[in-house]
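Read the structure below first, then the notes.
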Amino acid sequence: MSNEETAQEDSASAEVRVGNELGLHARPAARLAKEAQRFACDISLVVDGQEVDAKSILDILTLAASPGCTMTIRAKGSDAPLAVRSISELFSSRFGEEK
Amino acid sequence: MARKVLTGIPVSSGIAIGKAFFMNRRLYGSIPRQSIAAHLVPGEQARLCQALAQAADELETARAQVPAELREHSLIIDSHATIMRDPKLRDSACGFIERMRINAEWALLKAVKDLEDKFAAIEDEYIRQRIQDVRLVADRVQSKLMGLARELREIEGRIILMAHDLAPADTVGLEVDKIMAFTTAEGGKTSHTGILARSLQIPSLVGVQELEDEVRDGQLVIIDALKGRILVEPGEDEILEYSLLQNQFELYQKAIIRNCHLPAETIDGYRVQVLANIELFEEVAAVQDLGGEGVGLYRTEYSYMNRMTLPDEEELTREYVGLASSLAPGKVVFRTLDLGADKVVSQLGAIDERNPALGLRSIRFCLQHKELFKAQIRAILRASVAGNVAMMYPMISGLRELREANKVLNIARHELRAEGVPFNEEMPVGIMVELPSAVMTAELLAKETDFFSIGTNDLIQYSLGIDRTNKNVSYLYQPLHPAILRSIKHVVDAAHQSGIEVSLCGEVAADPFCVPILMGMQIDSLSMNPQAIPGIKRIIRQTTMAECKDLLRRVLECRTVNKINKLVMDTIFQRFPEELTFFSSLIESEDLI
């Protein structure tokens with residue numbers, strides 16, 4: 001995962017890589033959506049120009065992101081930098097999965 | 001006369017008479033579409049949001065009660081709750097309410113339809129299948145919206161529980177004292193409902209297709225989980241008849257269970273081992289309570305299914321050691337993974353097969369995934385010091401496959417020796433005989449293996465060339481077909497000539513009509529579902545080897561299956577009239593092994 005966070009006043013973004021062996025399947029998707037829902041800002045995930053709502057497990061699933069795939073986390077709103085940081089951490093910890 | 005008779009698959013035997021209570025129903029098709037006035041839009045949106053939130057709250061409460069060993073269940077429940085709280089789903093449905101001026105139920109249906117299209121385009125098989133979770137979630141919310149979700153808690157007295165399907169979340173904290181019987185429209189023998197009902201010893205029928213169309217709440221029904229029937233609004237004569245039968249059955253059950261720990265020995269002193277077929281650790285208690293001398297078939301597939309990752313060797317070892325030590329000194333025979341490529345967790349990559357029954361499955365699949373196979377064998381070997389353990393390969397077609405499988409076994413043994421991990425060097429390793437090619441080469445196979453276990457369910461299908469789940473040909477599924485009886489006899493004789501033991505673990509082992517014939521062939525052990533053990537032991541204890549041999553001789557003289565059926569019926573009718581009353585449907589009722 002590269003962690004070049006770019007933060008302006010109330011927007012932030014970061015590049016992340018899907019590190020867990022199975023990609024963004026149901027369990028990580030659920031964790032990701034729940035984490036995103038804790039923040040007030042709008043958060044989206046962008047893969048190959050496709051942008052989805054990070055607070056929606058269904059949106060995340062439809063990305064069908066496979067292992068090794070890279071994506072951009074984008075957030076807009078007062079707590080955007082914090083949101084991007086904590087979601088990046090979820091990716092780097094592989095959503096708490098062993099592999 | 002009953003207004004209607006429905007049929008289903010009995011998964012736990014018995015009879016119950018009582019009032020129907022639906023816990024949930026399939027909702028597609030019966031959802032009302034209503035137009036609403038503009039000023040009602042906000043209220044309708046609020047109603048939807050409330051139903052979603054309530055349903056999610058309920059699931060989260062249920063999840064907190066799931067015991068730790070059912071972690072997979074709680075993860076499923078968790079992802080369902082997250083879907084209920086999904087802002088996209090909520091906004092999409094609320095958008096439909098506003099734009100189309102429709103009721104919440106219809107709007108939710110539309111939102112799910114949209115998602116179905118999106119998911120259908122996903123390539124990843126596993127993720128595409130998650131639409132099933134969305135549908136389950138939607139069903140739950142719909143029943144909330146329509147005021148259908150019913151709590152058993154609110155009911156007084158005992159009922160017959162009915163449902164479209166019972167998910168793990170539905171059965172958490174269920175008040176079992178109130179339930180006389182279970183029945184569901186979905187499901188098979190190994191469904192969650194079946195396992196639950198068997199462990200509670202409550203009569204149960206699953207796969208009752210017309211259940212939701214034909215039965216309404218509060219209607220009087222008779223559940224006949226001996227013959228696999230439901231009588232809707234029975235007549236007085238039927239109620240009387242079934243009350244008597246229920247009484248008789250309970251007395252019979254008590255009587256056979258009282259004696260189920262006595263050895264399975266004929267009057268003239270021929271001893272057979274009676275073992276159980278199981279697939280869950282939870283079933284061990286039933287095996288022991290019902291007089292099973294051990295486990296003749298442990299189906300190892302459960303740990304590989306309905307999950308995202310393959311189990312590793314450590315996890316399997318824990319499972320197998322637990323089983324072996326609980327059953328010791330009784331034996332346990334582990335059948336190595338017997339799955340079709342289509343059923344193994346999706347990470348190995350699903351393949352499309354035109355004819356999976358004749359495709360890459362079972363031992364063939366394992367021999368193509370040797371690391372997976374070896375990990376399982378290592379786990380079984382490691383468990384071999386914890387009890388009386390044996391292993392067998394399924395679906396062996398001939399010597400070449402047997403030798404190839406044994407090669408993997410030898411590598412596993414070699415590795416464990418090198419690592420200093422203890423295992424039983426003498427652990428018996430046998431094969432299942434379930435293909436006609438294995439029957440024909442039984443003499444050759446017997447020289448290179450420690451035991452045979454005849455899997456009659458597959459043997460019958462492959463020998464007679466029929467798929468018995470195919471309604472058009474299922475009438476040809478005939479365990480007493482002369483070809484099947486000759487095949488079994490051939491295998492038993494070949495085993496005994498080489499001095500190895502032979503067991504039978506298909507459902508004919510639990511069939512009172514077949515057991516005396518198998519005894520006549522001098523089969524060494526019979527392995528069956530635990531519930532059948534007391535009844536089969538009783539038959540064995542009341543018969544003599546001399547009469548079994550005589551029956552076998554007469555059966556082998558018959559030229560057609562009809563003749564054989566009649567001969568066997570007459571014999572059983574004279575010798576074991578009770579079995580005829582209670583078990584005459586067993587031939588059709590058990591699932592495929």
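Letters A, B, ... are given to chains in the order of the sequence lines, protein chains preceding strands, and every chain is numbered from 1.
- Side-chain contact check for B:Lys118 versus A:Asp59: some heavy-atom pair is nearer than 4.5 Å.
- Here the closest heavy-atom approach between residue A:Lys55 and residue B:Pro87 is recorded as O-CD, 3.1 Å.
- Residue B:Lys110 qualifies as open at atom NZ: its count of foreign heavy atoms under 6.0 Å is 12 or below.
- Contact annotation for residues 44-53 of chain A against chain B (heavy-atom separation below 4.5 Å, listed by residue number): A:Asp53.
- Expressed to the nearest 0.5 Å, how far CD1 of B:Ile83 lies from CD1 of A:Ile57 amounts to 5.0 Å.
- Proximity to chain A (any heavy atom under 4.5 Å) is restricted, for B:Asp78, to the side chain, taken from C-beta onward.
- In this structure, B:Asp124 CG and A:Leu63 CG are separated by 12.0 Å, a value rounded to the nearest 0.5 Å.
- A donor-acceptor distance shorter than 3.5 angstrom exists from the side chain of B:Asp86 to the backbone of A:Leu58, with no hydrogens or angles considered.
- Across every non-hydrogen atom of A:Gln37 and B:Arg85, the tightest pair is NE2-O, 3.8 Å.
- More than 12 heavy atoms of other shown residues, nucleotides or ligands fall within 6.0 angstrom of atom CD in B:Gln132.
- By the neighbour-count criterion of 12 heavy atoms within 6.0 Å, atom CD of B:Glu98 is sparsely surrounded, having that number or fewer from other residues, nucleotides or ligands.
- By the ring-ring contact (aromatic ring centres under 6.0 Å, His included) test, B:Tyr320 pairs with B:Phe334, sequence neighbours left out.
- For chain B, the nearby part of A:Ala33 is the side chain; its heavy atoms alone come within less than 4.5 Å.
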